[in-house]
Amino acid sequence: MTRSIRPLVAGNWKMNGLKADLAIAADIAKGYDAELKAAVDLALCPPASLLASASDALRGSHIASGGQDCSTQDLGAFTGEISAAMLADAGASFAIVGHSERRTLHGETDAAVKAKAQAALKAALVPIVCVGETKDEREAGRAVAVVTGQLHGSLPEAATAATLVVAYEPVWAIGTGLTPTAADVAEMHAAIRAELGLLLGDEEAAGVRLLYGGSVKPSNAAELMNVTHVDGALVGGASLKAEDFLAIARACA
Ligand code: PEP
């Protein structure tokens, strides 16, 4: 962790969750006690269909909500897309952009991710910009180069520590149960912080929350969250179980 940075644990529900699953959000809100509130920020990113009702369910809990993606466009003839302003209107404060599932399954380029991050900022949302290497890229010794390259291409203009979150999510660790070693996470997060220094200036870079994501569970959260420059987690599968998500939050506190 970085002592001067308040950690953030964000849950990405992906394409999971029906109305009945708002009970999970309610249970997380119930478990977000005074001790946790004093130590760590929480956010939940449900599917778009549940965003407004999840935001309502979380009202008063101090838990934020977010979208999982947003359009590069403000409005218009873009069937199936959701704009950043729509996410904000549904109660969101964050928008995940550039998740590896979007980059891989929907061919999103760094330029598209950057445009989405800019759209999020324009709607007063904080983009959670995801970056991460594939297994082949890591095995070829190119992990740091790939991730710093993604940062260069994907970060919005004029981001500040208060308006940007970066999530390092090795593609091979997402949903697989595999995680990098603490030393590999430390190396990557230090490289990300240094690269942000070049892009935003050292003062802003020092305050940006750098999340680790990829198979974070209660059993490995303490080790991962203890790594220098890890300021919280982006949690997929484990965010669908209130007890697991809260245990990860406790590991940050
Ligand atoms: C994710 O989808 O952002 C993620 C980190 O998933 P999981 O925790 O399930 O690996």
Side-chain angles (χ1 to χ4, degrees), residues 7-17 21 24-25 28 40-48 50-51 54 63-70 87 92-106 108 113 116-117 120 125-135 137-138 143 146-147 150-151 154 164-182 184-185 188-189 192 209-225 227 230-252:
L8 168 68
V9 177
N12 172 15
W13 283 12
K14 311 193 190 197
M15 199 174 75
N16 297 294
D21 298 305
I24 301 168
I28 291 170
V40 55
D41 287 337
L42 299 186
L44 290 178
C45 302
L50 288 183
L51 184 57
I63 299 176
S65 63
Q68 299 175 7
D69 179 38
C70 69
L87 298 177
S93 323
F94 292 95
I96 297 171
V97 294
H99 190 281
S100 72
E101 287 151 16
R102 302 287 321 171
R103 289 179 184 265
T104 307
L105 302 174
H106 299 271
E108 288 187 6
V113 175
K116 289 177 177 217
L125 299 177
V126 172
I128 301 176
V129 179
C130 300
V131 291
E133 83 286 357
T134 62
K135 188 166 178 281
E137 288 164 343
R138 175 155 289 274
V146 165
V147 166
Q150 287 176 335
L151 279 177
S154 311
L164 175 68
V165 174
V166 173
Y168 167 55
E169 299 206 305
V171 178
W172 52 272
I174 295 178
T176 59
L178 303 173
T179 52
T181 64
D184 286 341
V185 175
M188 186 62 82
H189 278 236
I192 292 172
R209 295 197 274 198
L210 307 186
L211 311 186
Y212 167 78
S215 296
V216 180
K217 310 181 271 244
S219 56
N220 61 20
E223 187 189 8
L224 290 163
M225 296 302 113
V227 173
V230 173
D231 311 311
L234 182 53
V235 183
S239 68
L240 287 155
K241 286 192 188 140
E243 212 23 74
D244 286 1
F245 188 67
L246 288 165
I248 292 166
R250 268 182 233 113
C252 278

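Sequence positions, counted from 1, serve as the residue numbers for this chain. One-based numbering, in listed order, for ligands and for the atoms of each.
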Under 3.5 Å, is there a donor-acceptor pair between the side chain of [X] and the main chain of [Y]?
X      : Y      : result
Glu169 : Gly132 : no
Asn12  : Gly236 : no
Thr134 : Val171 : no
Trp13  : Ser239 : yes
Arg103 : Cys130 : yes

State the atoms of ligand 1, each with its element, that fall below the 4.0 Å cut-off from a heavy-atom position in [X].
X      : answer
His99  : 1 (C), 2 (O), 3 (O)
Gly214 : 5 (C), 10 (O)
Gly237 : 7 (P), 8 (O), 9 (O)
Ala173 : 10 (O)
Gly175 : 7 (P), 9 (O), 10 (O)
Asn12  : 1 (C), 2 (O), 3 (O)

Side chains of Asp69 and His106: closer than 4.5 Å at any heavy-atom pair?
no
Quick check: do Glu133 and Pro170 have side-chain heavy atoms less than 4.5 Å from each other?
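Answer yes - side chains close enough.
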Taking side chain to side chain contact (heavy atoms under 4.5 Å, CB included) as the criterion, tell me which of Val129, Val126, Ile128 meets it with Leu164.
Val129
Among Gly236, Ser100, Ser239, which one has a heavy atom closest to atom 8 (O) of ligand 1?
Gly236
Ala238 touching ligand 1 at heavy-atom level, < 4.0 angstrom
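No heavy atom of Ala238 comes that close to ligand 1.
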If you measure every N or O of [X] against every N or O of ligand 1, does any of those distances drop under 3.5 Å?
X      : result
Thr176 : no
Val235 : no
Ile174 : no
Glu101 : no

If you have a sec, work out which protein heavy atom is nearest atom 5 (C) of ligand 1 and how many Å separate them, to one decimal?
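Here the closest protein heavy atom is Glu169 OE2, 3.0 Å.
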Classify the ring geometry of His189 against Tyr212: parallel below 30°, tilted from 30° to 60°, perpendicular beyond 60°.
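Taking Tyr212 first and then His189, their aromatic rings sit tilted (interplane angle of 30° to 60°).
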